[in-house]
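Structure first, commentary second.
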Amino acid sequence: AFNVGAAERQLEILKEMGCNGLRTSHNPPAEELLNLCDKMGFIVMDEAFDIWKKGKNKYDYSLDWDKWHKVDLEDQIKRDRNHPSVFMWSIGNEIQEQWGTGADTTGRVITRELASIVRRLDDRPITSATNEVNTYNNLILSNAYTLIGYNYNHDKFAKFPETFPGKQLIGSETVSALQTRGHYDMPSDSIRIWPTAWDKPLLTGNSDLTCSAYDNCRTPWGSTHEETLKAFNKNEHVSGMYIWTGFDYLGEPTPYPWPARSSYFGIMDLAGFPKDVFYMYRSEWTNKPVL
């Protein structure tokens, strides 16, 4: 099921902010979304997989990997390659095969296989969204990517030319800041890292399950919008960046557990109303008067 009018409204809001690109996370998008991007002038990183052969959860795509990954990827490329909005393919997000040892591990083999499938059908750039951005990352060591995608790690943008000489960088996933529209916690310049670690429960927080919209609340793996935007603007070798996320969404209620039931990551809330940081991006990415 896909609501074309609802998606068009979301894209109009993003365009109003100055956004010109989308990353589809972490599965093939609805074709209707690509039709809208073609029409409205967005460029799209078209992403295929969240999981390869090594699983993340008990019942996930890893169970079907051997049987289906080749045909699923081929079908996606063939379906989407005639969309002018698609300017890049991503063959994975935070893939477990990033880690491994030995002369040539599973991650390198699978990366080369997937990249060869894509290149046989289309010649656009290929990347994947990697959260392990060290030189021992097996996906990067495959040398199969056109661009290396960094998830978070904005503090390592500056040293990218030294870490991966001659390579190109895109911020495949950034920020993960937490905001509730219309709620403000003082002091406004005090950064709240909620929770303190990804695998720990939030022991502080607000009794009404809110997060401050001053851009002073973030996850431990992420950063504030302002921090990442500064790093992005300072390092011209970062070709672009995708923010997690444009809109709040149901599920992943970080940093609070139930009864919270939606994310706090969005620049817009669940209803599509802008949070304060929307105007920071509009001041950076458009010529419209903001203040």
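The figures here come from the full heavy-atom set of this structure, side chains too, leaving out hydrogens, waters and symmetry mates.
- For Glu227 and Arg218, the salt-bridge test passes: some basic side-chain N is under 4.0 Å from an acidic carboxylate O.
- Under the ring-ring contact (aromatic ring centres under 6.0 Å, His included) criterion, no residue pair touches residues 94-126, with sequence neighbours excluded.
- For Asp46 and Gln76, the side-chain atoms include at least one donor-acceptor pair closer than 3.5 Å.
- Residues passing the salt bridge (charged side-chain N to carboxylate O under 4.0 Å, His left out) test with Arg112, sequence neighbours excluded: Asp104.
- Counting heavy atoms from C-beta on, the side chains of Ile126 and Ile91 come closer than 4.5 Å.
- Qualifying side-chain contact (heavy atoms from CB on, under 4.5 Å) partners for Pro125, counting only residues two or more places apart in sequence or in other chains: Met88, Thr146, Leu147.
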Can you give each donor-acceptor pair under 3.5 Å made by side-chain atoms of residues 235-243, sequence neighbours left out, with the distance rounded to 0.1 Å?
residue: Asn235; atom: ND2; partner: Ala231; partner atom: O; Å: 2.8
residue: His237; atom: NE2; partner: Phe157; partner atom: O; Å: 2.6
residue: Ser239; atom: OG; partner: Leu169; partner atom: O; Å: 2.8

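- With sequence neighbours excluded, the residues forming a ring-ring contact (aromatic ring centres under 6.0 Å, His included) with His69 are Trp65, listed by chain and number.
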Can you list, pair by pair, the side-chain donor-acceptor contacts under 3.5 Å of residues 262-272, counting residues two or more places apart and other chains?
residue: Ser263; atom: OG; partner: Tyr249; partner atom: N; Å: 3.2
residue: Tyr264; atom: OH; partner: Leu209; partner atom: O; Å: 2.6
residue: Asp269; atom: OD1; partner: Ala271; partner atom: N; Å: 3.0
residue: Asp269; atom: OD1; partner: Gly272; partner atom: N; Å: 3.0
residue: Asp269; atom: OD1; partner: Phe273; partner atom: N; Å: 2.9
residue: Asp269; atom: OD2; partner: Arg181; partner atom: NE; Å: 2.6
residue: Asp269; atom: OD2; partner: Arg181; partner atom: NH2; Å: 3.3

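- Cluster partners of Trp258: none. The rule joins Ile, Leu, Val, Met, Phe, Trp and Tyr whenever side-chain heavy atoms lie under 4.5 Å apart, and it links nothing here.
- For Arg9, there are no salt bridge (charged side-chain N to carboxylate O under 4.0 Å, His left out) partners, not counting sequence neighbours.
- Not a single ring-ring contact (aromatic ring centres under 6.0 Å, His included) links Tyr279 to another residue, sequence neighbours left out.
- Sorted by first and then second residue, the ring-ring contact (aromatic ring centres under 6.0 Å, His included) pairs with a member in residues 11-37 read His26-Trp244; sequence neighbours excluded.
- Arg282 and Glu16 are joined by a salt bridge, as a carboxylate oxygen and a charged side-chain nitrogen come within less than 4.0 angstrom of each other.
- For residues 183-204, the set of pairs meeting the ring-ring contact (aromatic ring centres under 6.0 Å, His included) definition, not counting sequence neighbours, comprises Tyr184-Tyr214.
- Residues passing the side-chain contact (heavy atoms from CB on, under 4.5 Å) test with Lys156, sequence neighbours excluded: Val133, Asn134, Tyr150, Asn153.
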